[in-house]
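FYI, side chains are in, hydrogens and waters are out, and symmetry mates aren't considered; it's all heavy atoms of this structure. In each ligand, atom 1 is the first atom listed, and ligand 1 is the first ligand listed.
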Amino acid sequence: MVVTFGGGKNMIKLFNISASYQDFSVLDNVSLEISAQRFYGIIGPNGAGKTTLLKIMTRVKRPESGEVRLLDKDIRGLTNKTIAKIMAVVPQSSFIPPLFTVEEVVAMGRYPFQNFGFSDTKEDKTFVEAAIEKTGIHAFRSRMISELSGGQRQEVIIARALAQTPQILMLDEPTANLDIKHQMKILGLTASLVKKDGLAGVMVIHDLNLAARFCDQLILLHDKKILANGSPETVLTPAHLKIAYGVDTAVMENPLTRSLEVTVLDSEAA
Ligand SMILES: Nc1ncnc2c1ncn2[C@@H]1O[C@H](COP(=O)(O)OP(=O)(O)O)[C@@H](O)[C@H]1O
Ligand SMILES: [Mg+2]
């Protein structure tokens, strides 16, 4: 089978990235390309460096060596506002000041476009409304953040990211605290932003079945390197999963969704 690394124009390029915390090496010589119109899933065991990889792509963390290029420019030369106009991040856990309303938090996504504090233009308001619309959070738009459930708060953070009108949307375990209905809603929404609006979607996710169902391309991290990078079919093999997670699996196509499903086998019984 031919693996196409298609998608739209190139958005991010990582060249030979190595990263560490103090003396502890986390990524070793990793190279990667992220293109528009493509939904990427970054997978791998706990501590594999998935969050670190996102932080390097967003310049939150600086690599020891290698280069990150955003829209073909060295990311080190860009201002924070320039980066924020191009990409929005939904972090693994984020602090939101509790005394703001939902609407106010979503409007914070317009910050990179404003020059003097919060003076919303008509355009800003339009993008805030569109973000509230797309994420379907009208029902609690006037409530205080402190009054929301974890899942609702997550939807607000995603709305804030969309209000930023990014070309790249990065999500770090966005479905971790969501029920199955809201998991589908968030992943379906991201997939449609990728398909219809041409964004590049980059998501860290533990659920391999959801990753296979929604992502065009999976990047499996293991032992500081990319163990496999390609379509769900090429990445989610029992051999790769054995190396990365140390478990035996069966991988089959689900007849209803037509996407791959991973079942972990009981190693005692096998
Ligand atoms: N700020 C930090 N200081 C020291 N070590 C860190 C820090 N952040 C992450 N690490 C370590 O780096 C490794 C990779 O972390 P991370 O990128 O968060 O992994 P993942 O997201 O795949 O679970 C882990 O061993 C983690 O303990
Ligand atoms: Mg992480």
Side-chain angles (χ1 to χ4, degrees), residues 12-34 39-68 70 75-76 80 83 87-96 150-151 153-155 157-158 160-161 166 168-178 182-183 186-187 190 200-215 217-230 232 235-237 239-247 249 262 264:
I12 302 176
K13 268 193 184 148
L14 301 187
F15 293 101
N16 306 117
I17 293 291
S18 295
S20 54
Y21 295 99
Q22 290 87 41
D23 288 340
F24 181 67
S25 161
V26 178
L27 296 173
D28 177 24
N29 220 20
V30 167
S31 297
L32 182 64
E33 288 191 18
I34 300 296
F39 193 0
Y40 298 82
I42 301 176
I43 57 175
N46 289 324
K50 304 179 296 298
T51 297
T52 303
L53 188 62
L54 277 198
K55 286 183 175 170
I56 283 170
M57 290 197 261
T58 52
R59 212 186 58 183
V60 169
K61 179 170 172 58
R62 281 169 201 255
E64 256 67 72
S65 58
E67 190 181 349
V68 181
L70 178 61
I75 201 168
R76 285 172 295 193
N80 288 343
I83 294 173
M87 60 186 161
V89 186
V90 178
Q92 199 163 357
S93 55
S94 48
F95 171 77
I96 328 172
R153 210 171 300 152
Q154 180 74 324
E155 292 178 341
I157 297 299
I158 292 170
R160 182 178 67 180
I168 307 167
L169 181 60
M170 305 255 188
L171 310 112
D172 197 348
E173 298 191 34
T175 54
N177 298 312
L178 302 184
H182 288 89
Q183 286 179 353
I186 294 302
L187 296 184
T190 309
V202 182
M203 162 175 74
V204 172
I205 184 162
H206 274 301
D207 188 316
L208 301 178
N209 298 337
L210 288 176
R213 186 161 170 187
F214 286 96
C215 296
Q217 186 169 331
L218 300 182
I219 297 149
L220 173 57
L221 289 182
H222 166 70
D223 198 17
K224 307 175 201 172
K225 295 187 186 292
I226 295 178
L227 177 66
N229 178 6
V235 173
L236 295 180
T237 63
H240 287 149
L241 298 174
K242 178 75 176 177
I243 296 170
Y245 297 93
V247 295
T249 54
V262 175
V264 181

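- Sorted by chain and number, the heavy-atom contacts of ligand 1 below 4.0 Å come from Y21, F24, V26, P45, N46, G47, A48, G49, K50, T51, T52.
- At a cut-off of 2.8 Å, T52 does not coordinate the Mg ion (ligand 2) through any N, O or S atom.
- Between I43 atom CD1 and L210 atom CG the span is 12.0 Å, to the nearest 0.5 Å.
- For the atom pair CD of E67 and CD1 of I75, the computed distance is 10.5 Å after rounding to the nearest 0.5 Å.
- In this structure, Q154 and P174 approach most closely via the heavy-atom pair NE2-O, 2.7 Å.
- For the side chain to side chain contact (heavy atoms under 4.5 Å, CB included) criterion with I17, the lone passing option out of P63, S31, S65 is P63.
- Contact of the K55 side chain with the T51 side chain is registered, since non-hydrogen atoms from C-beta on lie closer than 4.5 Å.
- With sequence neighbours excluded, the residues satisfying side chain to side chain contact (heavy atoms under 4.5 Å, CB included) with T237 are A239, H240.
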